[in-house]
Chemist: 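Okay, handing you the structure first.
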Amino acid sequence: MVNVGIVGASGYTGGELLRLLLSRQDISVTLATSRKHNGEYVFRVHPNLKSITTLKFSNPSIDNIAKSCDYVFLAVPHGSAVNLVPKLLEVGLKVIDLSADFRLKDPKDYEKWYKFKHPFPDLLEKAVYGLPELHFDEIRKASLVANPGCTSTATILSLAPLVKNNLIDAERIIVDVKIGSSGVGGSPSIFSHHPERTYVVRPYQVASHRHTAEVEQELKRISNKNVKIGMTPHAVDIVRGILSTSYGFTNEKIQLSQIWHAYREAYNGRKFIRLVKDVQGLEKLPDPKYVVGSNFCDIGFELDERFGRIIAFSAIDNLMKGASGQAVQNLNIMLGLDETTGLLIPSLHPV
Amino acid sequence: MVNVGIVGASGYTGGELLRLLLSRQDISVTLATSRKHNGEYVFRVHPNLKSITTLKFSNPSIDNIAKSCDYVFLAVPHGSAVNLVPKLLEVGLKVIDLSADFRLKDPKDYEKWYKFKHPFPDLLEKAVYGLPELHFDEIRKASLVANPGCTSTATILSLAPLVKNNLIDAERIIVDVKIGSSGVGGSPSIFSHHPERTYVVRPYQVASHRHTAEVEQELKRISNKNVKIGMTPHAVDIVRGILSTSYGFTNEKIQLSQIWHAYREAYNGRKFIRLVKDVQGLEKLPDPKYVVGSNFCDIGFELDERFGRIIAFSAIDNLMKGASGQAVQNLNIMLGLDETTGLLIPSLHPV
Amino acid sequence: MSKAKVIVAICPQCEGNIEVPSDAIPGEIVSCPDCGTTFEVDAIDGNKVFLKSIETQGEDWGE
């Protein structure tokens with residue numbers, strides 16, 4: 001039995017971690033912390049867990065965590081858990097951090113993108129970027145895993161094979177992302193106020209989205225090329241789901257079969273990647289509607305020869321493959337288990 | 001290993017049956033029929049099942065079904081499978097029919113509510129109304145189970161304890177139901193056309209909803225009283241979910257504790273019923289938002305002493321407890337298993 | 001964390017089971033897991049708990 005703790009269990013990603021872990025026979029959730037809801041039943045904040053558990057939120061303290069957990073998920077906003085990590089590692093805990101605090105390798109990138117002076121730059125080298133389809137072996141041996149951002153997960157997975165096989169110009173990639181409301185976290189604001197949030201197609205952080213840094217970092221590492229992407233998110237009227245649409249300019253004449261080959265070679269045997277480019281059926285190209293609640297990443301593409309570009313689509317559930325599902329996938333790998341353990345759940349259809 | 005077939009597997013209820021049954025180690029889905037999609041992969045119609053199964057739709061024929069199944073679900077529109085049932089029973093199959101064809105005991109009710117002259121009135125006695133919380137033992141021994149309607153499931157479960165304990169006037173019950181778009185089945189029409197279906201609060205069949213018949217039947221059977229309910233459905237802008245709001249006039253002065261007691265006594269130990277009347281937390285009264293994808297029925301109530309009425313709420317997922325989830329619950333009971341096998345799934349939150 | 005010894009009290013409001021830690025001291029607040037009503041522990045005598053209901057502010061329906 002593996003004892004697992006969740007720091008920041010009252011948010012949506014914390015709730016998803018509870019939903020996924022509580023049904024596991026091999027895992028015991030010994031700790032679910034929340035300063036704000038300390039002492040409260042978790043189902044009061046996550047009603048879907050009523051009659052599934054009588055677990056209560058507790059206070060996040062180092063010895064509380066160290067005493068009761070072998071592994072701990074940090075599901076708190078950026079910059080709030082960064083000071084916890086060194087202490088947790090010191091007492092021998094394995095940490096999966098869902099925040100951006102340890103995703104970037106170069107401390108200067110934190111200053112540039114997060115206006116944040118990283119207190120433990122040496123830990124950045126030790127941290128493993130938690131994208132199993134690219135870093136499986138490193139995650140297996142890691143004690144600190146930095147869980148990727150949701151938009152970056154979708155974007156990296158659809159672009160990596162194209163960049164690696166030199167099918168597109170890596171220094172001029174346009175990424176147009178559509179993202180659901182649960183991707184922006186749970187704290188209410190005028191922008192998440194229902195009358196203002198319904199019915200929108202709202203561009204935001206159009207030229208400065210912080211996930212750009214980790215996408216460029218990961219695509220550089222896999223291709224040893226200089227990579228430049230322009231990412232522009234839009235909030236759309238769904239709760240869960242991301243569709244990332246990337247536009248890459250083709251270097252020379254490309255055959256469709258080369259693209260199929262690049263994706264098949266990259267993701268052969270990866271159970272959570274589904275290639276969706278199908279002239280039949282309800283889902284002809286990736287659509288977040290068909291992954292809601294599952295850990296799947298649907299990837300599809302089209303070759304526009306007239307214009308000279310490849311259009312790559314990638315659909316995930318931002319709370320699952322974009323956060324908590326991927327975090328549990330990483331935990332499975334760290335535990336030496338099959339990465340799909342407890343995660344090969346079909347999504348709800350229709351939703 | 002139990003061999004199970006699904007006749008009419010291309011609809012939403014068929015898709016849910018596949019989703020629930022394909023993850024079961026003790027069950028093998030040997031047949032998923034669809035005249036229209038014969039020979040097609042099921043995931044072409046149910047994209048959530050892509051890479052979960054390579055099962056194909058096949059043609060519904062008696063010997064095809066008899067040869068490959070021990071149990072068969074009929075998920076076809078009313079009046080289309082009724083002729084299959086006698087033959088299936090003859091060859092020793094156990095049948096769970098999701099249509100209304102065998103729900104009513106009195107053939108005259110079919111003529112009245114369904115303008116349908118029942119071809120096998122003798123089978124109506126043999127069929128068991130598939131509401132486990134009321135007919136558990138009968139279902140255990142049944143070979144033909146008539147799966148209840150979605151609105152009726154929610155309404156019966158919230159009213160049964162009140163009528164049985166004589167807390168309300170059984171002959172003047174008003175039922176105002178709100179129901180999502182997936183409750184009306186998959187065939188497109190102008191009313192389900194997105195620009196017309198979004199944003200609605202649309203009353204329909206306001207005084208003639210056919211589920212009235214089975215609600216009155218079941219409440220009569222449990223209370224031995226004459227029962228009259230007025231059910232008025234409204235289509236609302238959700239996909240999955242039913243909230244049934246029932247108004248019962250109190251006979252004499254009632255204490256709130258009497259109502260708690262009636263529900264606790266009726267549903268003690270029933271894992272899929274959750275009593276939701278909570279002054280704290282996100283779900284203070286039943287709300288379909290918190291049961292989407294689960295087999296739970298959330299029941300809550302309020303006593304309005306000034307007016308002299310009890311307001312009873314009941315929230316379900318019309319495709320789960322209102323159809324396929326309940327059908328699998330019935331299968332579990334018929335197999336002598338714990339009724340919750342493979343069904344104690346927490347819903348998605350947020351959705 | 002060994003399972004603390006608890007005494008089960010019956011909620012006066014809804015007959016639900018309230019698990020009160022056996023080392024609870026008078027004045028401690030407990031809430032019913034079913035109906036959410038909060039109580040003050042009045043006294044503990046052997047394995048019987050006496051609860052006093054306390055007025056909480058109006059329900060926040062959020063609408």
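By convention in this document, chain letters (A, B, ...) are assigned in the order of the sequence lines, proteins followed by strands, and residues within each chain are numbered from 1.
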Chemist: Examine whether an atom of B/Ser23 lies under 4.5 Å from a heavy atom of chain A, and if so say whether it belongs to the side chain, the backbone or both; otherwise answer neither.
Modeler: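 Neither part; nothing is under 4.5 Å.
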Chemist: Checking heavy atoms, do the side chain of A/Ile273, its backbone, both or neither come under 4.5 Å from chain B?
Modeler: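 When you check distances to chain B, no heavy atom of A/Ile273 falls under 4.5 Å.
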Chemist: Relative to chain A, which segment of B/Val45 carries a heavy atom at a distance below 4.5 Å: side chain, backbone, both, or neither?
Modeler: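 Interface part for B/Val45: backbone (N, CA, C, O).
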Chemist: Among B/Leu49, B/Thr198, B/Val351, which has the most heavy-atom pairs under 4.5 Å with chain A?
Modeler: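 Looking at each option in turn, the highest pair count goes to B/Val351.
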Chemist: Of the listed residues (A/Gly180, A/Ser51, A/Pro350), which shares the most heavy-atom pairs with chain B below a 4.5 Å separation?
Modeler: A/Pro350
Chemist: Under a 4.5 Å heavy-atom cut-off, does chain B meet the side chain of A/Leu319, its backbone, both or neither?
Modeler: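 For A/Leu319, side-chain heavy atoms alone lie under 4.5 Å from chain B.
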Chemist: Let me know if A/Asp278 has heavy atoms under 4.5 Å from chain B in its side chain, its backbone, both or neither.
Modeler: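 For A/Asp278, side-chain heavy atoms alone lie under 4.5 Å from chain B.
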Chemist: When you look at A/Gln326 and A/Asn295, which way does the side-chain hydrogen bond (donor to acceptor under 3.5 Å, both in side chains) test go after all the steps?
Modeler: CA-CA 7 Å; A/Gln326 184 144 257; A/Asn295 202 46; over 6 Å; no
Chemist: Between B/Lys50, B/Glu40, B/Arg19, which has the largest tally of heavy atom pairs under 4.5 Å with chain A?
Modeler: B/Lys50
Chemist: Please confirm whether B/Tyr290 and B/His349 have ring centers closer than 6.0 angstrom.
Modeler: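 Under 6.0 Å, so yes.
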Chemist: Ring centroids only, cut at 6.0 angstrom: are A/Tyr267 and A/Phe272 within range, meaning strictly under it?
Modeler: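 No, they do not, as the ring centres are separated by 6.0 Å or more.
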Chemist: What heavy-atom pair brings B/Leu20 and B/Gly325 nearest, and what distance separates the two atoms?
Modeler: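 Heavy atoms of B/Leu20 and B/Gly325 come nearest at CD1-CA, 3.8 Å.
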Chemist: B/Ile52 versus chain A, heavy atoms under 4.5 Å apart: side chain, backbone, both or neither?
Modeler: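 For B/Ile52, the contact with chain A is made by the side chain alone.
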Chemist: Ignoring hydrogens and geometry beyond distance, is a side-chain donor-acceptor pair present between B/Lys321 and B/Ser294 at under 3.5 Å?
Modeler: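 Their side chains do not contain a donor-acceptor pair, so the 3.5 Å distance test is not met.
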Chemist: Run the ring-centre check on B/Phe313 versus B/Phe301 and record whether the distance is less than 6.0 Å.
Modeler: no
Chemist: So A/Glu283 and B/Arg44, salt bridge (charged side-chain N to carboxylate O under 4.0 Å, His left out) or not? Walk me through it.
Modeler: CA-CA 7 Å; A/Glu283 189 189 23; B/Arg44 287 269 161 66; over 6 Å; no
Chemist: Checking heavy atoms, do the side chain of B/Tyr41, its backbone, both or neither come under 4.5 Å from chain A?
Modeler: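 Contact with chain A is absent: no heavy atom of B/Tyr41 under 4.5 Å.
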